Amino acid sequence: MKSFVAAIFFLLLILWYLSFLASRLDRLHHRVETSWANLDVLLQKRAAVALEIAHSGLADPASSMLLTGAAYQARDAEIQNRSMAESGLSGALGLLLADSQDAPSDLEHALLKELSLLTEKIRVAIAMHTDAVSSTQMVRKKLIVRSFRLAGTAPLPVTYEFESDVL
Amino acid sequence: MLTKKLRIGIVCPYGWDTPGGVQNHIRDLAEYLITAGHEVSVLAPAIDEEKLPGYVVSAGKPISIPYNGAVARVLFGPIAYARVKSWISSGNFDLLHLHEPAIPSISLLACWAAEGPMVGTFHAAAKRQKVIFAIGPILEPAIEKLSARIAVSEAARLTLTDHLETDAVIIPNGIYAKRYSQGSAQSKWTGNTIGFIGRFDEPRKGLQVLVDALPIISRFAPDVRVLVAGPGDIEETKKNIDKQLLNRFEFLGRISEEDKADFMSSVSLYVAPNTGGESFGIILAEALAGGACVVASDIPAFDSLLGAGEFGALFKSEDSTDLAKVIIDLLRDPAKREALSRQGQIHAQEFDWDVVAQQIFSVYEMAIVGGSGVSVGSDARPWNRFLSRDEEKR
């Protein structure tokens, strides 16, 4: 009788732990999604600002062409090619900013300011997203999570490889 | 900019009425956010509930426990847990900002209890300890609930990645840079003066390093004076000072914020000989903002705050001879002093609340995306809902 009670207790404990792990995992997946949504919005905004810069007096025709192309690519990229396209846009923006330091007008000044604010935010968003992804991956690696399929049908999140140093 | 108005709940782990860097940071942040039009409630342990400002809610009396080499006045336990939960559920917050959630305190309890957008700020910098490998797995489920983590310095970030294997965004502590730049030089503090502010009887503040350096300094600069401000046992400290040099020391006791600004713009050099245990070094940021020429020990926090010597001179920590050398060099070279303090004052603008609060707020904005406010996690469980309804009937 005693061992029976102990077995039941043990079983309940395991069940509680499984539900605890599942809710933890659910929360983590949620975090991955929201941080991605954040990053996505910011990147879209950046592409829009890049287009505006391309059409402003800041860019000479050649770099304007380069920038427009990169911005469109970043906006239309499939999820697999996204990080490559965004890095391309970073590169194009970097090239342009490197040699456009000479006295811009008010409007252009505002554009550059907006861009630098966005870049700051994107940096934070990337850090948040990468962190969410890596903690999710860590929990999903656990044997107990895999054997009980606690993650359900949620796809395994992958880190977004963004070259933050070219931002 | 700071447009969207939020309801923000901030949790302070340490007793509100004991002085400390974390408490000051939370007070300034809360007041800044309130001025910007947000609704802020701070939950903190407090000894005297009468004296609390309107935005602070007491969680009970703190208890003193030894933690990380010092005595921490924190609070936890079942009664505190219940208070934390009722504060969360009655607050109807859009977001919780928890400070130092990795130590046993109400911050950890709040992190455990709450469900929804949460931001955590990590202040402490500590060496890697074995005990953390035992604690880590317990903390992990709570810490991973935070939507975003902030570290106040590179040292604090490294502590976090080392101990809990999670990354953080670095946002420094804030100061009101304008207040410090408005100080005016007082003739009683000018001349060949070396300033020191802090609890001078605490060994890790390093006053002894400066005392040991003084015999050498006074040989090269006979008229040098050391001005020591801050709380502490003066008589006990005087015993450790050479009798012949005693007249070079002046103990000012605790000084007000306005005096601090004057102090920083008066002294020739501001010296921070701390030997460790410092995560950010807010006093250095204040000294820079006040236009002082700063000499500091090369502990990691100071090294990064001073840009590896760009905004202030560094000396080898705990090495009085090196400190003496650096001080003599600077006392003899007013032009170099001038250049360093000018660089420093510009750099200090980065720590101004206008900049820092904006950075913190953009983290808030990212944390609340997709969230629908903060609630107490356990309320959502069916059996608890049943139980609490029972209680209400009674």
Side-chain angles (χ1 to χ4, degrees), chain A residues 12 15-45 110 113-114 116-142 144-145 150 157 159-160 162 164, chain B residues 1-3 95 111-122 136-151 157 160-161 164-171 350 355-356 358-372 374-375 377-378 380-384:
Chain A
L12 281 176
L15 281 177
W16 173 82
Y17 184 62
L18 284 179
S19 96
F20 169 76
L21 266 184
S23 66
R24 229 179 112 180
L25 211 55
D26 180 50
R27 199 184 293 126
L28 279 171
H29 280 122
H30 183 72
R31 234 182 88 196
V32 170
E33 269 164 36
T34 51
S35 60
W36 168 250
N38 254 325
L39 186 54
D40 190 38
V41 166
L42 287 171
L43 289 173
Q44 296 283 1
K45 268 193 199 159
K113 181 129 194 253
E114 199 182 341
S116 76
L117 275 177
L118 267 177
T119 311
E120 238 1 90
K121 282 189 181 171
I122 288 173
R123 218 170 258 147
V124 174
I126 290 173
M128 277 166 68
H129 183 62
T130 329
D131 196 63
V133 170
S134 61
S135 18
T136 311
Q137 283 171 339
M138 229 139 71
V139 173
R140 284 188 64 157
K141 252 185 229 153
K142 290 190 178 181
I144 187 162
V145 173
L150 292 180
T159 3
Y160 180 65
F162 202 101
S164 50
Chain B
M1 293 289 131
L2 303 166
T3 42
L95 172 112
C111 190
W112 200 271
E115 202 69 52
M118 282 188 274
V119 175
T121 294
F122 294 81
I138 306 171
L139 285 177
E140 208 180 78
I143 298 302
E144 77 188 14
K145 284 164 92 175
L146 300 170
S147 340
R149 296 156 195 70
I150 299 170
R157 191 184 77 93
L160 191 62
T161 48
L164 296 165
E165 289 176 26
T166 166
D167 209 348
V169 185
I170 297 179
I171 299 179
E350 276 182 34
V355 179
V356 173
Q358 181 60 49
Q359 288 176 327
I360 294 178
F361 197 78
S362 64
V363 173
Y364 284 178
E365 279 179 325
M366 281 182 221
I368 57 170
V369 166
S372 49
V374 181
S375 60
S378 56
R381 283 189 207 119
W383 56 86
N384 281 345

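Throughout, a chain's letter reflects where its sequence line sits, starting with A, and its residues are numbered from 1. Small disclaimer: the values here were computed from a predicted structure and weren't measured.
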Working to the nearest 0.5 angstrom, can you tell me the gap between B/Met118 CE and A/Arg31 CZ?
10.0 Å

So what's closer than 4.5 Å to chain B heavy atoms on A/Ala125: side chain, backbone, both or neither?
both

Nearest 0.5 Å please: distance from the NZ atom of B/Lys145 over to the OG atom of A/Ser135.
14.0 Å

Less than 4.5 Å to any heavy atom of chain B: does that hold for the side chain of A/Val139, its backbone, both, or neither?
side chain

Please state whether the side chain, the backbone, both or neither of B/Ile171 comes within less than 4.5 Å of a heavy atom of chain A.
neither

Measure the spacing between CD1 of B/Ile368 and CG of A/Asn38 and express it to the nearest 0.5 Å.
9.5 Å

So for A/Leu42, is it side chain, backbone, both, or neither that comes closer than 4.5 Å to the heavy atoms of chain B?
side chain

For A/Asp26, which residues count as a side-chain contact (heavy atoms from CB on, under 4.5 Å) partner, sequence neighbours excluded?
none

For the CD atom of B/Glu140 and the CZ atom of A/Arg24, what is their distance to the nearest 0.5 Å?
5.0 Å

Between A/Thr34 and B/Val369 the two heavy atoms that sit nearest each other are CG2-O, 3.5 Å

Rounded at 0.5 Å granularity, tell me how far CG in A/Asp131 sits from CD in B/Glu144.
10.0 Å

Nearest non-hydrogen partners of B/Pro141 and A/Arg27, listed with the distance:
O-NH1, 4.3 Å

